[in-house]
Amino acid sequence: MDDLYRIIHDPNKDIYQKLDEQVNEFWQWSKSVKHELEWEASYPNWTILNTIFDSLIGTTDHNEWDQRIINNLLFIIGRDNECELLIHKLTEFPVSFIFLAEKGISYPDRDTKWQLAHYLTECISTHYSEAEQIIYRYYDDENEYVKRRALLALGIIKSNYAEKCALNSWNTGMEYQRIAALHVLEQLDSPHYHRLQNYKDEK
C-alpha cells in the first residue's frame, strides 16, 4: 500500500511518465513468465496500473496524448483481456474512447482490438455514427476473432452494415463465423436467418 501511494503521488513525475514506467514494469515481468492461458491476470501490480490508467483517462485530454502514450494505452488494454477493467473505464469517456479506437484499428494486437470493437457498443447513445463506422472497420480485420467480435457488435447496435457482414461471414464457411452470423441475423429478425438456420440443420 505504501508503494502504491508513493508511486501514484510522486510529485516529480507526471501521469504520462508514471504510466510509461508501469507499462515497462509489466513488459519486463512478461518476459519472465509463460504466456499460457490467462497469464496476464497473474501480474502482481495490476492495482497500480489500474489506478494510473484511471487517473490518466479521467484527468487528461486525448489531444495531449503522443504516440508513446497511445501505444502504452493500447498495449495495456490488450493485456487486461480477462478482467477488462481498463476498457470499462474507457467507456466512461466516449470521446477519448472513439479517438483511441480509431488508433487501434492499425494496432497489431487482437486482444486490444476485439475489446475496442466490442465495447464501442457502449458509445452508441452519444456517438452512434462514429462508433458504427469504426466497428465496421474492425470487421475488416484479418484476425478471425476480431472480425467475429466486430460482427457481433454490429448486431448489438443493429447497424445497417450488420446483415451484409453477417452474410459475408456465413459465406466464409468458417464454423465460428457462421455461428456469429446466425446470431446476428436472428437479432435483426432477418429473412435470411431461417433459410440459413435450416441449411445448417440439414447439414
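Fair warning: this is a prediction, and the values are worked out from it, not measured in the lab.
In terms of the ring pair (Phe, Tyr, Trp, His ring centres under 6.0 Å) criterion, residue partners of Y145 (sequence neighbours excluded) are, by chain and number, W114. In terms of the side-chain hydrogen bond (donor to acceptor under 3.5 Å, both in side chains) criterion, residue partners of K113 (sequence neighbours excluded) are, by chain and number, D141. Partners of E64 by side chain to side chain contact (heavy atoms under 4.5 Å, CB included), not counting sequence neighbours, listed by chain and number: Y16, T60, D61. In this view, F93 satisfies the ring pair (Phe, Tyr, Trp, His ring centres under 6.0 Å) rule with no residue, not counting sequence neighbours. Here H88 pairs with Y119 under the side-chain hydrogen bond (donor to acceptor under 3.5 Å, both in side chains) rule; sequence neighbours left out. In this structure, E25 has no side-chain hydrogen bond (donor to acceptor under 3.5 Å, both in side chains) partners at least two apart in sequence or on a different chain. A search for ring pair (Phe, Tyr, Trp, His ring centres under 6.0 Å) contacts involving H183 returns nothing, not counting sequence neighbours.
Closest approach of I135 and A117 over heavy atoms only: CG1-O, 3.7 Å. Annotation for V184 and G155: closest pair CG1-CA, 3.9 Å, computed over non-hydrogen atoms. Considering every non-hydrogen atom in both L116 and G104, the closest pair reads CD1-CA, 4.1 Å. Counting all heavy atoms, side chain and backbone alike, L152 lies closest to Q187 at O-OE1, 4.4 Å. Taking all atoms of both residues into account, the shortest heavy-atom contact from A131 to L120 is CB-O, 3.8 Å. Counting all heavy atoms, side chain and backbone alike, T112 lies closest to G78 at OG1-CA, 3.2 Å.
Using a 4.0 Å cut-off between charged side-chain N and carboxylate O, K147 and E144 make no salt bridge.
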I48 vs Y43, side chain to side chain contact (heavy atoms under 4.5 Å, CB included): CA-CA, chis, key distance, verdict: CA-CA 11 Å; I48 295 175; Y43 181 58; over 6 Å; no
Derivation and outcome, side chain to side chain contact (heavy atoms under 4.5 Å, CB included), residues D109 and R79: CA-CA 10 Å; D109 188 323; R79 305 290 60 75; 2.7 Å; yes
L182 vs W170, side chain to side chain contact (heavy atoms under 4.5 Å, CB included): CA-CA, chis, key distance, verdict: CA-CA 8 Å; L182 285 175; W170 176 270; 3.7 Å; yes
Side chain to side chain contact (heavy atoms under 4.5 Å, CB included) assessment of F97 paired with I87: CA-CA 9 Å; F97 194 124; I87 197 76; 3.9 Å; yes
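Between the side chain of D14 and the main chain of Q17, a donor-acceptor pair closer than 3.5 Å is present. Side-chain N or O atoms of W65 include none that pairs as donor or acceptor with a backbone N or O of L100 at under 3.5 Å. For the pair D80 (side chain) and L85 (backbone), a donor-acceptor distance under 3.5 Å is present. Remark: side-chain polar atoms of Q115 are paired, donor with acceptor, to backbone N or O of I77 under 3.5 angstrom.
Among residue pairs with one or both ends in residues 149-169, none qualify as salt bridge (charged side-chain N to carboxylate O under 4.0 Å, His left out); sequence neighbours excluded. The ring-ring contact (aromatic ring centres under 6.0 Å, His included) contacts involving residues 120-144 comprise Y136-Y161, where partners must be two or more places apart or lie in separate chains. Sorted by first and then second residue, the salt bridge (charged side-chain N to carboxylate O under 4.0 Å, His left out) pairs involving residues 115-134 (not counting sequence neighbours) form an empty list.
The cluster map of Ile, Leu, Val, Met, Phe, Trp and Tyr, joined by side-chain heavy atoms under 4.5 Å apart, puts V23 and W39 in the same cluster. In the hydrophobic cluster analysis, where Ile, Leu, Val, Met, Phe, Trp and Tyr join through side-chain heavy atoms closer than 4.5 angstrom, Y107 is grouped together with I105.
You'll find the side chain of K18 stays beyond 4.5 Å of the side chain of L56, heavy atoms only. Between E186 and Q197, the closest side-chain pair of non-hydrogen atoms is not below 4.5 Å.
Atom NZ of K89 sits in a crowded spot, with more than 12 heavy atoms from other residues, nucleotides or ligands closer than 6.0 Å. A 6.0 Å sphere centred on CZ of R137 holds no more than 12 heavy atoms belonging to other residues, nucleotides or ligands.
We find the CD-OG1 distance between Q22 and T51 to be 9.5 Å, quoted to the nearest 0.5 Å. Atom OG of S169 sits about 4.5 Å away from atom CG of L151, to the nearest 0.5 Å. Expressed to the nearest 0.5 Å, how far CG of L167 lies from CG of L196 amounts to 6.5 Å. Between the CG atom of D140 and the SG atom of C165 there is a distance of 7.5 Å, given to the nearest 0.5 Å. The distance from atom CG of L185 to atom NE2 of H192, rounded to the nearest 0.5 Å, is 7.5 Å. Separation of atoms NE2 (H62) and CD1 (I98) is listed at 10.0 Å; rounding is to 0.5 Å.
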Please set out all donor-acceptor pairs under 3.5 angstrom arising from side-chain atoms of residues 68-76, sequence neighbours excluded.
{"unit_1": "R68", "atom_1": "NE", "unit_2": "D20", "atom_2": "OD1", "d": "2.8"}
{"unit_1": "R68", "atom_1": "NE", "unit_2": "D20", "atom_2": "OD2", "d": "3.2"}
{"unit_1": "R68", "atom_1": "NH2", "unit_2": "D20", "atom_2": "OD1", "d": "3.2"}
{"unit_1": "R68", "atom_1": "NH2", "unit_2": "D20", "atom_2": "OD2", "d": "3.2"}
{"unit_1": "N71", "atom_1": "OD1", "unit_2": "Q67", "atom_2": "NE2", "d": "3.0"}
{"unit_1": "N71", "atom_1": "ND2", "unit_2": "Q67", "atom_2": "O", "d": "3.4"}
{"unit_1": "N72", "atom_1": "ND2", "unit_2": "D20", "atom_2": "OD1", "d": "3.0"}
{"unit_1": "N72", "atom_1": "ND2", "unit_2": "R68", "atom_2": "O", "d": "3.4"}

Under 3.5 Å, which donor-acceptor pairs link side chains of residues 28-37 to any protein atom two or more places apart or in another chain?
{"unit_1": "S30", "atom_1": "OG", "unit_2": "W27", "atom_2": "O", "d": "2.6"}
{"unit_1": "S32", "atom_1": "OG", "unit_2": "W29", "atom_2": "O", "d": "2.6"}
{"unit_1": "H35", "atom_1": "NE2", "unit_2": "S30", "atom_2": "O", "d": "2.9"}

